[in-house]
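Below you'll find the structure, written out as structure tokens, and then a few comments.
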Amino acid sequence: MKMTVRRCVALCLLWLLPAGAGPARPVPLPADAPDPVRAEHGLVVSAHVEASAAGAEILKRGGNAVDAAVATGFALAVVYPAAGNLGGGGFMVIRLADGTTTTIDYRERAPAAATRTMYQDEAGNVLPELSREGYLASGVPGSVAGLLLAHERYGTLPLKDVLAPAIRLAEEGFVLPRWQAARFNAYYDAFSAYESTARYFTLGDASRSYREGDRFVQKDLAAVLKRIRKDGRDGFYRGRTADLIVAEMQRGGGLITHEDLAAYEAVERPPVVGSFHGHRIITMGPPSSGGVALLQLLRAVEPYDLREMGWNSSATVHLMGEAMRRVYADRAHWLGDPDYVRVPVQELISRAYMDRRMADFNPYRADTSVTMTHGDPFAHESTETTHYSVVDAAGNAVSTTTTLNSFFGSKVVVDGAGFFLNNEMDDFSAKPGVPNQFGLVGAEANAIEPGKRMLSSMTPTIVERPDGTPMLVVGAPGGSTIITTVFQVIVNMVVYGMDVQEAVSAPRIHHQWLPDELWYEPFGLQRDVVDNLKRRGWRVVDRGAPWGRAHAIAVAEGETEVRANDAATERFEVVTARRVLLGGVDPRGNGAAIGY
């Protein structure tokens, strides 16, 4: 019955398309993609079921999407310590029901004692381990300041109500699912290297392991959250919690001081806005490179008939790969903290500039990244990040990406507080031209300076339809692959007509200029497509594992419900038209969509 109804709806959609709008060939969709999760009033999609439930609880209590996003963010700090955090940072894109848009930048900052050569030896050689693990790897955390700023300016419920689910989860504990117990066990050696981390995240003996169904209680973390409930940002950046952070830094030779914590401020910035086939793209600007790069990619492929070329065909992949090559070359040169360097955002995302960047595109032969450099717009992240999306009954929408950088960040837990600190200092250019842990190369714009925010690939995004109504809230983790993941989800929906679940499930490709490799997920490209790409000159690499865990919400305005009256004769009736929220949970992870 399910397939019959879906087939009927698909035929109706094709009938409604204008002449010539349909694909030249059937669009292959991900096999066995489930239906999106449906809700009529509010919906939260995040990396952990308990965090999604926390956000949904706030929506049901009358909170708006910002309240729910803040509740989800604090809950993730409890139940998803690999990336959810108090000791990291992130970005939030907000679209209110009246169409007002804004963003909150709570990216970490370099401590005042940081220097541009702090990860180099006397000969100038980069010592990458220093920026990737341990006490020197951490920037000043921004998550608490950012979430509180969003709540103060755009939330509606009292802070105590919004924090209640996270405090409950920390104080009373939550039940470990099998995947999370296994993850804790897998990191036993890394956790054991730091006394405070071992105290909170191991059972004290290599022969003892976490098991599915164990209740994980975090009393010290609950105390931190209660201090935030009582004193707001001063409950984290001053007082007892700040003392604990600084004491941990001093034990291990870290740089973060009381002055660094007290001086940290989240920043509200205007979004970066562009268009794609008439849809308005609202996304994050610098110090995230994600929004600029996303709009560049969309601009680069928009002039081409992707529907005619075919989804994941060799022609389409070749085009996308060349667009990615050019955009990541630009990212390496131009992007940085706008409070420290001038980033030519509008020039980079202009149609004229991207037309020039793609002017030498050869549809039959791949370029090489050795000869490809950045463009001149004036001429004329671990992969362990997490994303969550929220839409409420009034139509407010929030897209949030937050991170510690690597799995469990620096691997250092603040003793007495129970949370991990980030290793975001690796997202700076330790030395211009030398790649970070994701293979991303940076330049002077992203060199280390005291107080500076490191460049990021996080790409929280909201898409509006041509008529101005909200269509999609989307984002993803995945380090350097975040940008290309969000790009492909949007293309999958806008160009190929996939539903939100199909769009986030679909196999992905990735190219980031350097290394000069075109990556694809296992079984993501057909054999003849791979062979064709190789003949065009690509070095095509099966990465051996999928990447990214996109979490998205599609807003179906005036969706028509179709019901079967008689399965035997396939007679259908239209019941009603209504607004429906559709949640897409990436099968690459263990996330959940919860709504009502």
Side-chain angles (χ1 to χ4, degrees), residues 37-46 50-77 90-106 143-168 225 228-229 232-233 266 268-271 282 284 387-402 460-464 468-475 551-557 578-583 592-596:
V37 175
R38 302 167 68 85
E40 293 190 32
H41 305 288
L43 185 61
V44 181
V45 187
S46 84
E50 294 284 5
S52 295
E57 174 184 329
I58 295 302
L59 291 177
K60 291 177 182 178
R61 294 181 62 178
N64 67 10
V66 175
D67 293 319
V70 173
T72 302
F74 278 113
L76 282 167
F91 300 106
M92 180 182 291
V93 176
I94 300 170
R95 182 194 182 278
L96 300 178
D98 64 2
T100 301
T101 61
T102 191
T103 75
I104 307 294
D105 167 9
Y106 50 102
S143 290
V144 173
L147 292 173
L148 293 182
L149 179 63
H151 175 264
E152 175 188 344
R153 294 188 179 177
Y154 299 104
T156 57
L157 290 182
L159 181 61
K160 65 179 180 61
D161 294 342
V162 173
L163 283 170
I167 293 172
R168 183 177 67 244
L225 293 168
I228 296 170
R229 179 182 64 187
R233 60 165 287 121
E268 185 169 8
R269 303 184 190 273
I282 305 158
M284 193 71 212
H387 178 85
Y388 54 97
S389 298
V390 184
V391 178
D392 66 21
N396 302 299
V398 179
S399 179
T400 305
T401 312
T402 183
T461 299
I462 297 173
V463 179
E464 291 179 350
T469 58
M471 170 189 166
L472 178 67
V473 182
V474 63
H551 294 132
I553 298 174
V555 183
E557 293 288 353
R578 69 199 190 284
R579 171 181 174 272
V580 176
L581 304 176
L582 305 171
I594 297 181
Y596 74 109

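Atom set for the values below is all heavy atoms of this structure, side chains included, hydrogens, waters and symmetry mates excluded. Note that the coordinates shown come from a computational prediction; the quantities given were computed from them, not determined experimentally.
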Please say which of V66, V390, L157, V44 ends up in a side-chain contact (heavy atoms from CB on, under 4.5 Å) with I58. L157
Can you confirm whether or not the ring centre of H41 sits under 6.0 Å from the ring centre of Y596? yes
With sequence neighbours excluded, what pairs up with S46 under the side-chain hydrogen bond (donor to acceptor under 3.5 Å, both in side chains) test? S52
E464: salt bridge (charged side-chain N to carboxylate O under 4.0 Å, His left out) partners, not counting sequence neighbours: R95, R280
Verify, without hydrogens or angle tests, whether T72 (side chain) and A68 (backbone) share a donor-acceptor contact under 3.5 angstrom. yes
Less than 4.5 Å apart, any side-chain heavy atom of L148 and any of F74? yes
Salt bridge (charged side-chain N to carboxylate O under 4.0 Å, His left out) with D67: which residues, sequence neighbours excluded? none
Quick one: list whatever passes side-chain contact (heavy atoms from CB on, under 4.5 Å) with T103, sequence neighbours left out. V93, R269, P271, M284
Using the side-chain hydrogen bond (donor to acceptor under 3.5 Å, both in side chains) criterion, which residues pair with E152? Sequence neighbours excluded. none
For the pair Y154 and E268, evaluate side chain to side chain donor-acceptor pair (under 3.5 Å) and give the outcome as yes or no after the intermediate values. CA-CA 12 Å; Y154 299 104; E268 185 169 8; 2.3 Å; yes
Under a 4.0 Å threshold between the charged nitrogen and the carboxylate oxygen, would R579 count as salt-bridged to E40? no
Check: N396 side chain, A97 main-chain N or O, donor-acceptor pair, under 3.5 Å: yes
Carefully, step by step, assess E57 and R168 under the rule salt bridge (charged side-chain N to carboxylate O under 4.0 Å, His left out). CA-CA 13 Å; E57 174 184 329; R168 183 177 67 244; 2.8 Å; yes
For the pair S389 (side chain) and H551 (backbone), establish whether a donor and an acceptor sit closer than 3.5 Å, ignoring hydrogens and angles. yes
Evaluate the side-chain contact (heavy atoms from CB on, under 4.5 Å) criterion for residues F91 and I104: first the C-alpha distance (whole Å), next the side-chain angles of each, then the deciding distance (0.1 Å), finally the verdict. CA-CA 6 Å; F91 300 106; I104 307 294; over 6 Å; no
Could you tell me if T401 and H387 have a donor-acceptor pair between their side chains, going purely by distance under 3.5 Å? yes
Roughly how far apart are T400 OG1 and I94 CD1, rounded to 0.5 Å? 7.5 Å
Does the D392 side chain pair with the main chain of A65, one donor and one acceptor, at a distance under 3.5 Å? yes
Go through it in stages, so that I can follow the logic: the residues are L159 and H151, the test is side-chain contact (heavy atoms from CB on, under 4.5 Å), and I'd like the CA-CA distance, side-chain angles, deciding distance and then a yes or no. CA-CA 8 Å; L159 181 61; H151 175 264; 3.8 Å; yes
Those residues that, when tested against R229, pass salt bridge (charged side-chain N to carboxylate O under 4.0 Å, His left out) (two or more places apart): none
